Amino acid sequence: MTSSDSSRLSRRSMLIGTATAALALTVPAAGSASGAAKTPKVLVIGLDGTLISRVEDADAPRLKGLMAAGLTAPSAIYADPLAPTLSGPGWSTLITGVWPDKHNVKDNNFTGHKFAQYPDFLTRIETAKPALSTYAVSSWAPLTDTVFSPKVDTRVSTPSAEYDTGTTSRAVARLKSANPDAVFVQLDNVDHAGHSYGAASQQYLDAIHGVDGQVGQLVDAVKSRTTYGNEDWLILVTADHGHTDPGGHGGSTWQERQTFMIAVGSAAAAGSTRYDVKMPDIAASALAHLGIALDPAWGLDGRPIQQPGADAFDALRGKLTGPVDESGIGAGVIGFTHTPPSGWSVDNAAMGTGGVTEWRGWSFTTDEFWTKAERGQQRESNVRARNVFAVADGDEWSDKPVSGTFDSTLISPDFPVTGGRPATLTYTTFYRQESPQKGEVLVSYDGGSPVSVKTYTADVPSRTETLALSVPSGATRAKVRFRYTGGNNWFWTIDGVKISGS
């Protein structure tokens, strides 16, 4: 978080007292006065090319009111080579719930897309619960023409002459006069202003002000429904990418990689902020709200915001400090520590000396801090790590004179296991190789000698690893070690470590 981010969060907290009260009716409680369960419904509003930092600078009372009444989750996306920061890959990720390495959209032409394998969330709703009513309307035609499938009940591409005004009026009419269960609306004008004038311009702020009124019309349409008191609405607001100050996107700068989720609903605490939310969570959260179980066979990368995952590394966020040797990150960016979370440890007995302080041995860091250390070397592709993660980065460590080699081991606490029964070790990882570098995963039981269960000596893209463990008879605890050795080579990230099933 930059110092300016901290300032904005402070300003947002001041809004909570007034705006939460003003929007108290936006999200009804899960049960009605009679005790009957309310009907779940979802409204997803996409604001193309909108920066959450500029929303906070703009005259945008409706969006700020939603932030005060619910959850705000700033997030970041990928960059090349996974995909450029363009609308095609961005919207495809939000709508399908998987990253570009699965849906395969690399540009705005959608060539080679895999929507048959990874369909949009409205299509999944129709498949799981065909009686539900689904509706999508967009100012950017490729979304409703290509990304959303014909299985969706109604898909509308607004004529260019009507633009966002027509998109809004159509969505408002559907929300007021029909009985939709899941609605997707995409508004485009903020992106247009970004391209024409840049994100630092008054015109960009004016465009946010305009779309803010349209968001207000959509929320008011929901609240005006005669059946609203018996409905449980989840409202999600998001964006596909950010913009540079001069204007434009597609590159790897932090501004271009920005997105966010604003969530208002029974699962979103008023005025709350989270850093573990990622782009594919939009689709997953919508499905979960409608009571649709997420089948592991779907291969979704999204995780419902209603089901936050516990991760020991995330507890370090409040303990992260600013840069020491890294000069390009920015003095206001908070984002690293060498102090492991409770129960974890780092063995640097064989670690070389010197080098860049931030990366001397395993470090705990954030996407912003790590990618700003050196853009364009694929660090932006570490998409499956969330919030705070562990990294061993021999490349950045060697940017100052070193003595010896990089040899550091990250050691987990004991995980309970049952002797003689199989267990599963899972973690997210991203590994970029350059010889003589090596990554090794070792497991020990009840204090015994560590045994290698996985070795990395070739590039491994961002993914979740699932390793079967053969637990010895009589064993009651297991400890995992992640040993990285090398020199001026590349890097290895680890997050979300757990052992289950034993």
Side-chain angles (χ1 to χ4, degrees), residues 2 4-5 7-12 14-15 18-19 22-23 26 43-77 85 87 90-91 94 137-140 143 158 162-169 171-172 184-221 235-249 253-264 273 279 282:
T2 64
S4 59
D5 288 336
S7 173
R8 289 188 177 104
L9 289 176
S10 297
R11 294 202 306 269
R12 183 191 312 154
M14 294 172 64
L15 292 169
T18 56
L23 291 176
T26 298
L43 169 62
V44 178
I45 306 172
L47 309 180
D48 206 298
T50 301
L51 287 162
I52 190 67
S53 59
R54 296 299 273 160
V55 169
E56 293 173 343
D57 293 335
D59 178 15
R62 301 306 298 266
L63 286 167
K64 291 176 182 178
L66 292 175
M67 294 163 70
L71 164 70
T72 303
S75 186
I77 59 175
T85 50
S87 289
W91 287 121
L94 288 160
V137 58
S138 65
S139 296
W140 194 49
L143 298 186
T158 303
E162 299 180 18
Y163 206 41
D164 286 357
T165 300
T167 298
T168 303
S169 64
V172 166
F184 174 87
V185 183
Q186 183 263 354
L187 301 172
D188 204 56
N189 195 46
V190 177
D191 184 61
H192 180 81
H195 282 292
S196 298
Y197 305 104
S201 68
Q202 182 60 48
Q203 290 91 334
Y204 188 82
L205 293 179
D206 292 343
I208 292 175
H209 174 70
V211 82
D212 181 77
Q214 292 164 337
V215 169
Q217 291 179 53
L218 295 170
V219 173
D220 290 345
I235 298 175
L236 302 172
V237 185
T238 189
D240 55 335
H241 55 71
H243 260 283
T244 63
D245 279 352
H249 56 90
T253 67
W254 185 244
Q255 271 193 299
E256 291 168 277
R257 295 180 57 224
Q258 289 307 286
T259 184
F260 62 90
M261 175 197 287
I262 300 172
V264 182
T273 302
M279 233 181 165
I282 293 286

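As the structure is a computational prediction, the values presented were derived from the model and not from experiment.
Between Thr273 and Pro74, the closest heavy-atom pair is CG2-CD, 4.2 Å. Heavy-atom minimum distance, Tyr204 versus Ala199: CD2-O, 3.5 Å. Listed here is the closest heavy atom pair of Ala171 and Val185: CB-CG2, 3.7 Å. The two atoms that bring Ala263 and Leu236 nearest to each other are CB-CD2, 3.6 Å, heavy atoms only. The two residues Leu143 and Ser138 make their nearest non-hydrogen contact at CB-OG, 4.0 Å. Scanning both residues, Leu47 and Val215, for their nearest heavy atoms gives CD2-CG2, 4.1 Å.
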Run the side chain to side chain contact (heavy atoms under 4.5 Å, CB included) test on His243 and Arg54 for me, step by step, so that the C-alpha distance in whole Å, both residues' side-chain angles and the decisive distance to 0.1 Å come before the verdict.
CA-CA 10 Å; His243 260 283; Arg54 296 299 273 160; over 6 Å; no
For Thr168 and Leu187, what are the C-alpha separation, side-chain angles and deciding distance, and is it a side chain to side chain contact (heavy atoms under 4.5 Å, CB included)?
CA-CA 8 Å; Thr168 303; Leu187 301 172; 3.6 Å; yes
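Within a 6.0 Å radius of OH in Tyr163, other residues, nucleotides and ligands contribute more than 12 heavy atoms.
Applying the side chain to side chain contact (heavy atoms under 4.5 Å, CB included) rule to Ala239 yields the partners Thr50, Thr259, Phe260; only residues at least two apart in sequence or on another chain are considered. Legend: residues meeting side chain to side chain donor-acceptor pair (under 3.5 Å) with Asp164, ordered by chain and number and at least two apart, are Ser139. The side chain to side chain contact (heavy atoms under 4.5 Å, CB included) check on Ala76 picks up Trp254, Arg257, Gln258, Asp367, with sequence neighbours excluded. Asp206 is linked by a side chain to side chain contact (heavy atoms under 4.5 Å, CB included) to Gln202, counting only residues two or more places apart in sequence or in another chain. Evaluation of the salt bridge (Lys or Arg N to Asp or Glu O under 4.0 Å) rule for Asp220 yields Arg62 as partners, not counting sequence neighbours. With sequence neighbours left out, the side chain to side chain donor-acceptor pair (under 3.5 Å) criterion links His192 to no other residue.
Of the inter-residue distances, the one linking Thr85 atom OG1 with His249 atom NE2 reads 7.0 Å to the nearest 0.5 angstrom. With rounding to the nearest 0.5 Å, the separation of OG1 in Thr72 from NZ in Lys64 is 12.0 Å. For the atom pair CD1 of Ile45 and CD1 of Ile262, the computed distance is 9.0 Å after rounding to the nearest 0.5 Å. How far CG of Asn189 is from CD of Gln214: 7.5 Å, rounded to the nearest 0.5 Å. Taking CG from Leu205 and CG from Asp57, the interatomic distance works out to 6.5 Å, rounded to the nearest 0.5 Å. Distance check, rounded to the nearest 0.5 Å: CD1 of Ile52 to CD of Glu56 gives 5.5 Å.
Side-chain atoms of Asp212 come within 3.5 Å of backbone atoms of Leu63 as a donor-acceptor pair (strictly under, hydrogens ignored).
At a threshold of 4.5 Å between non-hydrogen side-chain atoms, the residues Gln186 and Thr167 do not count as touching.
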